[in-house]
Amino acid sequence: QVQLEESGGGLVQPGGSLRLSCAASGMFSGFNGMGWYRQAPGKLRELVAMVYRAGSTEYADSVKGRFTISRDNAKNTVYLQMNSLKPEDTAVYSCRLRLVNSRIEDYWGQGTQVTVSS
């Protein structure tokens, strides 16, 4: 059983910063990647940032240069540092852990609201 616990969301003004955290607990194998998706009202869920087993990272074009994903392997935790936030960053941000053994298995956090507004 794997559980993901997210924190760090909230209300911030345009140009401000937030840091999201996601900690995975439980026993698991086959770590493939861990990171963040987001979904705004009326829009599809999109990948924001992901870090993979070997340490490579992936970002949505819309957040490159503003967001940084990092990980603490000992704590099974990933962080998303979000700078220069824009109103269009407003969304529910959800953490995802992907395990790959004989099958692909995804685990999702409950989601945390990020609102960027004056």
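Counting heavy atoms from C-beta on, the side chains of Ser118 and Gln13 never come closer than 4.5 Å. In this structure the side chain of Ser25 never reaches within 4.5 angstrom of the side chain of Asn76, judged on heavy atoms.
Hydrophobic clustering (ILVMFWY, side-chain heavy atoms < 4.5 Å, transitive): Tyr79 and Trp108 are in distinct clusters. A continuous path of Ile, Leu, Val, Met, Phe, Trp and Tyr side chains, each step under 4.5 Å between heavy atoms, connects Leu80 with Tyr107, placing both in one hydrophobic cluster. Residues Leu99 and Val51 share a hydrophobic cluster, clusters being chains of Ile/Leu/Val/Met/Phe/Trp/Tyr side chains in contact below 4.5 Å. Cluster membership for Val2 and Val78, using ILVMFWY side-chain heavy atoms within less than 4.5 angstrom, is shared. At a threshold of 4.5 Å between side-chain heavy atoms, the hydrophobic network of Ile, Leu, Val, Met, Phe, Trp and Tyr places Met50 and Val48 in two separate groups.
Judged by distance alone, the side chain of Arg66 and the main-chain N or O of Ser84 form a donor-acceptor pair under 3.5 Å. For the pair Gln39 (side chain) and Val92 (backbone), a donor-acceptor distance under 3.5 Å is absent. Gln113 places no side-chain N or O within donor-acceptor distance of the main-chain N or O of Gly9, the cut-off being under 3.5 Å.
Annotation for Cys95 and Met34: closest pair SG-CE, 4.0 Å, computed over non-hydrogen atoms. Between Leu20 and Met82, the closest heavy-atom pair is CG-CE, 3.7 Å. Listed here is the closest heavy atom pair of Thr77 and Ala23: OG1-CB, 3.5 Å. Shown here for Ile69 and Tyr59, the closest heavy-atom pair between the two residues is N-OH, 2.9 Å. Taking all atoms of both residues into account, the shortest heavy-atom contact from Arg71 to Phe31 is NH1-CE2, 3.8 Å. Here the closest heavy-atom approach between residue Ala24 and residue Leu4 is recorded as CB-CD2, 3.4 Å.
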Can Glu5 and Ser7 be said to form a side-chain hydrogen bond (donor to acceptor under 3.5 Å, both in side chains), step by step? CA-CA 7 Å; Glu5 186 166 348; Ser7 62; over 6 Å; no
side-chain contact (heavy atoms from CB on, under 4.5 Å) assessment of Ser29 paired with Asn101: CA-CA 7 Å; Ser29 64; Asn101 294 288; 3.2 Å; yes
Might you work through the side-chain hydrogen bond (donor to acceptor under 3.5 Å, both in side chains) test for Tyr37 and Arg96, ending with a clear yes or no? CA-CA 7 Å; Tyr37 289 76; Arg96 190 215 70 184; 3.0 Å; yes
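Val12 pairs by the side-chain contact (heavy atoms from CB on, under 4.5 Å) definition with Leu18, Leu85, Val116, not counting sequence neighbours. Partners of Ala91 by side-chain contact (heavy atoms from CB on, under 4.5 Å), not counting sequence neighbours, listed by chain and number: Arg38, Ala40, Tyr93.
Using a 4.0 Å cut-off between charged nitrogen and carboxylate oxygen, Lys86 and Asp89 do not count as a salt-bridge pair.
One finds the CZ atom of Arg53 at 9.5 Å from the CG atom of Asn73 (value rounded to the nearest 0.5 Å).
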